[in-house]
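Working notes for the structure below.
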There are 2 protein chains.
Amino acid sequence: MLNHGDSADNLPGAAQLFSALGDPVRLAIVARLCKDGPLPTIELKQCAEGVSRQGVTKHLHVLEDVGLVDSDRIGRDRQWRLRAQQLAIVRTYLDWISAQWDQRLERLTEFVENDA
Amino acid sequence: MLNHGDSADNLPGAAQLFSALGDPVRLAIVARLCKDGPLPTIELKQCAEGVSRQGVTKHLHVLEDVGLVDSDRIGRDRQWRLRAQQLAIVRTYLDWISAQWDQRLERLTEFVENDA
DNA sequence: TTCATGGGCAACCTCCTGGTTGCTCGTTTG
DNA sequence: CAAACGAGCAACCAGGAGGTTGCCCATGAA
């Protein structure tokens with residue numbers, strides 16, 4: 001799993017996560033799972049306009065591979081559940097990047113002020 | 001540009017952004033630009049281990065297409081600059097999703113407590 | 001028990017992506 | 001000026017991603 005000690009080291013892992021979220025169908029699935037909790041494949045299929053069941057299943061496996069989602073077989077169905085910690089990693093990465101940006105702006109402001 | 005009135009409508013746009021960030025080279029470029037401000041192509045090339053100049057240029061164009069970055073020609077060089085607003089959109093989208101998650105957890109907790 | 005439904009697996013196809021090379025052009029710089 | 005450097009453009013290539021179909025299995029409901 002992703003070691004999140006220092007976000008800078010985590011670039012490849014973060015890229016994986018971004019990549020997994022970088023498809024409209026997958027993003028819709030994640031959003032749906034976020035809103036309406038664990039759901040069976042068939043239900044998730046509805047947020048993929050005009051995509052076959054197998055297509056949706058493939059997307060779900062992509063999400064599973066990066067740990068954004070996991071599942072249990074319940075009788076005939078397979079229930080999918082969001083793993084919020086992984087989403088948190090993405091957020092943290094963006095926050096880390098943004099923080100660097102903010103620091104740079106601060107330094108820049110300082111510089112300008114000292115310069116004036 | 002991306003209308004950010006309601007994050008739910010914004011799914012395709014958000015997916016574009018995630019997708020653009022979903023490549024290690026591109027993510028490294030964004031991180032670098034965030035840390036060290038506007039930089040010429042050649043400098044950015046350094047964060048793409050073993051990729052040709054043209055390769056890097058292609059990545060930069062991908063970032064440009066989704067508005068994460070823009071550039072000016074300065075004499076012989078081309079200077080690249082981060083567009084932080086677009087990064088903010090990604091963050092906001094994640095926050096929006098997470099908020100829904102949190103609400104669901106609240107509702108769930110309520111339900112369990114009322115049930116007990 | 002029978003049949004419909006949700007799912008898994010595998011093969012297959014197409015198109016996009018990430019990457020390259022080769023060539024030319026303009027700008028610096030020695 | 002001449003050479004070197006940064007960049008743009010176009011062609012090209014291999015592999016992967018997203019999608020489909022067909023077939024079979026198990027479970028649930030009639």
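Naming convention: chains lettered A, B, ... in sequence-line order (proteins, then strands); numbering from 1 in each chain.
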Using the test salt bridge (Lys or Arg N to Asp or Glu O under 4.0 Å), find all partners of A:Glu43 that sit at least two apart in sequence or belong to another chain.
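Per chain and number, A:Glu43 pairs via salt bridge (Lys or Arg N to Asp or Glu O under 4.0 Å) with A:Arg32.
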
Hydrophobic cluster identity match, B:Leu60 and B:Val62, side-chain contacts under 4.5 Å:
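B:Leu60 does not cluster with B:Val62.
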
For B:Val62 and B:Gln54, take the nucleotide of DNA chain C holding the closest heavy atom to each; which residue's nucleotide lies nearer the 5' end?
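Result of the comparison: B:Val62.
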
Checking side chain to side chain contact (heavy atoms under 4.5 Å, CB included) between A:Leu21 and each of A:Ile29, A:Val30, A:Val66, which is the one that passes?
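Output: one option passes, namely A:Val30.
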
Between A:Ser98 and B:Arg91, is there a side-chain donor-acceptor contact under 3.5 Å, judged purely by atom types and distance?
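Side chains of B:Arg91 and A:Ser98: pair found under 3.5 Å.
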
Taking 5' to 3' order, which nucleotide of DNA chain D is first and which is last to have an atom within less than 4.0 Å of a heavy atom in chain B?
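Range of nucleotides within reach of chain B: D:dC5 to D:dC9.
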
Write down the distance between CD1 (B:Ile29) and P (C:dG18), rounded to a whole number of angstrom.
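It works out to 11 Å between those atoms.
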
Could you tell me whether the side chain of B:Arg107 reaches within less than 4.5 Å of the side chain of B:Arg104, counting heavy atoms only?
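Of all side-chain heavy-atom pairs linking B:Arg107 with B:Arg104, at least one is under 4.5 Å.
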
Sugar-phosphate or base contact per nucleotide [nucleotides 24-29 of chain C; S, B, -; heavy atom under 4.0 Å]
--BBS-

What's B:Gly50 touching, base or sugar-phosphate or nothing? Going by heavy atoms closer than 4.0 Å.
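Answer is sugar-phosphate: B:Gly50 comes under 4.0 Å of backbone atoms only.
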
Contact class for A:Thr41 vs. all strands (heavy atom < 4.0 Å): base, sugar-phosphate, or nothing?
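Touches sugar-phosphate only.
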
Can you tell me which nucleotide in C:dG8, C:dG18, C:dT20 comes closest to the side chain of A:Thr57?
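Closest of the options to the side chain of A:Thr57: C:dG8.
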
